[in-house]
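Throughout, a chain's letter reflects where its sequence line sits, starting with A, and its residues are numbered from 1. Not measured: the values here are computed from a predicted model. Side chains included, hydrogens not; waters and symmetry mates left out as well; all remaining heavy atoms used.
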Amino acid sequence: ASISKSQNTTKTTQASRTTAEVCHHCLHRACVISVNNVLTFQCFLFSPQDWPQAMKEYVQRCFTACETEEDKDRTEKVLKEVLQDRLKDGSAYTIDWTREPLPDDSDSQSDSSISSDLRPQLSRRSQKVARGRGNDRDRGRGGGERGRGRGGKANRGRRAGLDFHDPNREAKKQSRAARFHKQLRSEPLVLSINALDLPDGTQEGLSWEDCPIVGTCQDTTKSYLRLTCAPDPSTVRPVHVLRKSLQAVKAHWQTHQDYAYACEQMKSIRQDLTVQGVRTDFTVEVYECHARIALEKGDHEEFNQCQTQLKALYKDNPSENIGEFTAYRLLYYIFTKNSGDLTTELVYLTPALRADECVAHALALRAAWALGNFRRFFKLYLEAPRMASYLIDKFVERERKVALRAIVKTFRPDLPVQYVQSTLGFSCLDSCMAFLTGLGVTFTASDPQKIDCKTSTASLAAS
Amino acid sequence: MAHITINQYLQQVYEAIDNRDGAFCAELLSFKHPHVANPRLQLSSPEEKCQQVLEPPYDEMVAAHLRAFQSHKEENWALPLMFAVTLDLRIFANNAEQQLQKKGKGQPGEMMEKAAEQLMSCFRVCASDNRAGIEDSKKWGMMFLSNQLFKIYFKINKLHLCKPLIRAIDSSNLKNDYSPAQKVTYRYYVGRKAMFDSDFKPAEECLSYSFHHCHRSSQKNKRMILIYLLPVKMLLGHMPTPQLLKKYDLMQFSDVTKAVSEGNLLLLHNALTKHETFFIRCGIFLILEKLKIITYRNLFKKVYLLLKTHQLPLDAFLVALNMMQVEDVDVDEVQCILANLIYMGHIKGYISHQHQKLVVSKQNPFPPLSSVS
């Protein structure tokens, strides 16, 4: 959106290009636009500056003297440096702008109103500008890789070692010498990349999370607090305590079904494992447990978090449930319609994994879904192994709607509800009826157990 | 190049900058250039030397070999410089990713995303260049950067991020004037994105352009384009000739092609299974799967042509499927498949559940594939 906006304003800007104004904020001419004949500056990069009136008039004069667009571009470039310097050191408010020469005149070095330390800068720049324009006649379309052949060749000869024939050599040498008097950097350059050892002794790139600790806390339960710094070992439970904690949470969930409590306890167990750097079979067990609890509750976000961690953990600690959770991952991608990650997942499926009961089921479901084979899809839904149906539940309604649309559009003149019930995997007639009436499906006058397909198509399209 | 001193090297960089020789300067800052092999240039802290010879930001830039060129508000001669540097950035990010993965650290895609952020800011600089003079405009850098960004986004599966880039280039008045090489790459990625979004007609246009304008000598690139062009064309009903497949070493597609044209579901299933790994790695397996629908359509069309009536018993289709050794299919599933074909526009007609028949239109009941979707 921002790109097209600037495109639009470009057009406006170009329409009012005859203006001799420069933006008061960034000193960039392209920033100036005319809105209802009022000049406005569309950039707010810098805080607004109070330009002395005399300076504004100077700017006007500079541009009025320009004949071509190229002149204006060049002038703007020069002005920018000069004006910014003057504003910064305050001389903008003290000098006599009426006696300030226009940029084109800077070759004549006799004007005394330019302070001496600025003069070499100005002349050097306009020299550069003039030279550049002349030499690059054959640049043409500069951007592409082909540019290599063009502008380059003309100048190739000049760079062979030390050049004795460059007429500007002396001038360049002098300006380089002059530079040592004017440090363009106020401090010596220090690169900040690869600086693993920062001045204060800490190491960049390592955080407190990378230094595992050993916990000593013996409490079975513990509330969850997000950590912002390394925790006190006395608040962290060692693994043998955590085993008991896990058992306690499982039991609590089974009897009380208090999801908030269970989730919090699981998170704090996970945290204790993380800060102690424990990545073992037990860690896998914890995440699998939390994932299952989240599934039961329908919390697909928490489930996805756990499932993502499991994927990484399985690399070094494959459990016997790897098939089950791989299947859940596939189903999750169908839910989120993430075909990119789905394809990636397929790449990494080994033949052993494909043979796993859960994975095979998920793959078959995916294939049915991809081809719109709702008959097969819902058949598989009813046969879902382990906890897969909890996940599929998340998108069953969506798929039923899609299937119903196709059915109602393609069958004529009517269709028994019973057909829809069995095809779309409803356990009983009542739930099917509720679904249909909820979507505005209409039934035949002669038989209320038959769907009137034609009229239903219209009502479905509206829903 | 391999023996010059640091002073000579810096001198060359300085002169290149001074002469606005973007192309040569780019070489001096590219990791593909031989100068990187020169041990005399490998200083642990080159900052001071660079600072002596070069003005900011070239001192830092050269010292780090990696910096954007923000100071060039008015010109674009340094674009080749940017191209070299950003290309290296992407390659480094890729290598960093692989190294991190080996160590099991870091989130996948993290390095690439960071690189993408850098490239994106370069892109913004180029896109917002509102100079009057086209020759000096940084807009010339937009397509190259887009192509680099596309590569990253495809790698990290964040295709939706391509959209603003495509919009920006589309609305630019330079879009037809970039170099052919850049345009070919650009259309290739735009075509693949369209494929991903199931916009097959635009995908075909882009990928066809890419294929035809790709330079004859780049067989590898032509083959890559073809890998994506073929499935799209097949979905639109155009099968490749065996000669084409042979020429580009893509015989994996030959059985698929044959199966689809004949309506042979068994052959299709076998062909897809046989080369599944290849298709999955290329990322076209899911698209090729959709050819199953086309195959059903072709098979059922044969049934229609054989029976010569427009009231076709569902059983006939079941028989046809069984003949193709498709197991585990019942009449209900046949109805389901037919319903999909009708819904998608491949068959003009309706199903009578009561009479267990498919009733097709008397006129053109199986419209040509290219006119559908």
Side-chain touch B:Arg281/A:Val347, heavy atoms, less than 4.5 angstrom: yes
Partner chain B: residue of A:Asn373, A:Leu346, A:Asp414, A:Leu415 with the largest heavy-atom pair count (under 4.5 Å): A:Asn373
Residue pair B:Phe196 / A:Ser339: nearest heavy atoms and the distance that separates them: CZ-OG, 3.4 Å
Heavy-atom neighbours of A:Lys311 NZ exceed 12 at 6.0 Å: yes
Closest non-hydrogen atom pair, A:Phe411 against B:Ala339: CE1-CB, 4.4 Å
Partner set under side-chain hydrogen bond (donor to acceptor under 3.5 Å, both in side chains) for A:Asp447, not counting sequence neighbours: none
Minimum side-chain heavy-atom gap A:Lys450-B:His353 below 4.5 Å: no
Under 4.5 Å from a heavy atom of chain B, the part of A:Ala312 involved: neither
Best-contacting candidate, A:Arg376, A:Lys409, A:Lys315, against chain B by heavy atom pairs under 4.5 angstrom: A:Arg376
Winner by heavy-atom pair count (cut-off under 4.5 Å) against chain A, out of B:Lys292, B:Gln354, B:Gln335: B:Gln335
Taking every non-hydrogen atom, the tightest pair across B:Cys336 and A:Arg375: SG-N, 3.6 Å
Atom NZ of B:Lys348 with >12 non-hydrogen neighbours under 6.0 angstrom: yes
Between A:Asp341, A:Thr423, A:Ile407, the one whose heavy-atom pairs under 4.5 Å with chain B are most numerous: A:Asp341
Side chain to side chain, A:Arg412 and B:Ser352, heavy atoms closer than 4.5 Å: no
4.5 Å side-chain heavy-atom contact, A:Thr410 and B:Tyr350: no
Pairs of heavy atoms under 4.5 Å with chain A: top-ranked of B:Ile342, B:Ile293, B:Asp328, B:Asp332: B:Asp332
